[in-house]
Amino acid sequence: MLRPMREPVVLVTGANGEIGHGLIETLAVEGGARIVALDLVALDSSLASKCHEVVQGSILDRELLHRLVSRYEFRTIHHLAAMLSTRAEFTPGAAHEVNVQGTLNLLELAAVQSEWSDRRVKFLFPSSIAVYGMPSLEVKTSMRRIQEKTWNLPTTMYGCNKAYCEHLGRYYARHYKQLSTQSSSSCGVDFRSIRFPGLISAVTVPSGGTSDFLPEMIHAAAAGKPYACFVRPDTRIPFMAMPDAIRALLLLERADESFLTRRSYNVTSFNPSAEEFRERVMARWPDADITFSVDTKRQAIVDSWPADVNDDGARADWGFRPEYDLDRALNDYLLPGISGRSEPRSVT
Ligand code: SER
């Protein structure tokens, strides 16, 4: 009997977010990937034309997800949809629903998909430095390059959600239905996750995150708007330019599974203090009005995140190297990219 054919595609959830923008643009330039984009809000028109289909809807809508499975064969899922750390603190229950239940729905979809196609479905998940929780500023300052297995004591709902979803991903990848007599290693969910640092894009401005202070600062300066930075000048966490984040996602997606020694990897690129970054921005826009007005609650969240992370695993297992250190990020990506735009897109 002939099986009805479904089209093989890449599913991108949270497609209209910051990473979604970068990922869809890059996949479109590479060519070859048929992208089904899912987001709560309408996709920017510049992205929509690069997708095979755009679906406006929620990852919590299981009927919608089932309808998608009936039409498409998802070979790879980039599950980017999430409620970020600051916003999540205002509605922790809703954040848990979106970040955990939403991820569970997608993992289930991937598992069902895999059973149908008899092949492993790649599941790429952006985790975060928010999974770490440094107990004090003293410890944060003394422990510089944090390894994946240490300090996994998140203080935010978002960080807890990401940490738990990493466990769910590991479960679906290695232990799913472990008592079934039919378990087979040829199918299942091939979960791979990156603990991203703060990300800076020349194209979009984030909102709802707690690492937003650097991107907000540079985009405000470029737009000639005053900016009051919500953390202390000496605040230091790792960051990365968006093109490196996209490259990392695609490198990990394409890595041979046998080379992977873990399912969640740190990556990082540069970690200026807020003041050091301000000085770089002021060098480009000397009239920029950048001040500091500390929000002690958001400061406490950033203080719980490490000053730097150790990404030796990503470098050894799948050849990750950031192409943009701070100088290159500013000179070759952010400054020309931001200066050339009239209005950056604000995304959630
Ligand atoms: N950028 C995220 C946030 O600030 C952390 O991964 O919520």
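First listed ligand is number 1; within each ligand, the first listed atom is number 1.
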Between atom CZ of Arg284 and atom CG of Leu335, what is the distance when rounded to the nearest 0.5 Å?
6.0 Å
Looking only at protein heavy atoms, which one is nearest to atom 1 (N) of ligand 1, and what is the separation?
Ser211 OG, 2.8 Å
Near Gly209 (heavy-atom distance under 4.0 Å), the atoms of ligand 1 are 3 (C), 4 (O), 7 (O)
Taking the six-membered ring for Trp, are Tyr176 and Tyr171 parallel (under 30°), tilted (30 to 60°) or perpendicular (over 60°)?
perpendicular
Establish, from distance only, whether the side-chain atoms of Asp289 and Tyr227 form a donor-acceptor pair under 3.5 Å.
no
Check each heavy atom of Ala130 against ligand 1 and say whether those closer than 4.0 Å belong to the side chain, the backbone, both or neither.
neither
Check each heavy atom of Phe239 against ligand 1 and say whether those closer than 4.0 Å belong to the side chain, the backbone, both or neither.
neither
Pairwise distance CD(Glu216) to SG(Cys229) - rounded to 0.5 angstrom
8.5 Å
Nearest non-hydrogen protein atom, atom 7 (O) of ligand 1:
Ser85 OG, 2.6 Å
Is the ring centre of Phe213 less than 6.0 Å from the ring centre of Phe239?
yes
Please tell me if the side chains of Thr268 and Asp308 come closer than 4.5 Å, counting only heavy atoms from C-beta onward.
yes
Is there any N or O on Ser128 that sits under 3.5 Å from an N or O of ligand 1?
yes
Ignoring angles and geometry beyond distance, decide whether Thr210 reaches within less than 3.5 Å of ligand 1 through its nitrogen or oxygen atoms.
yes
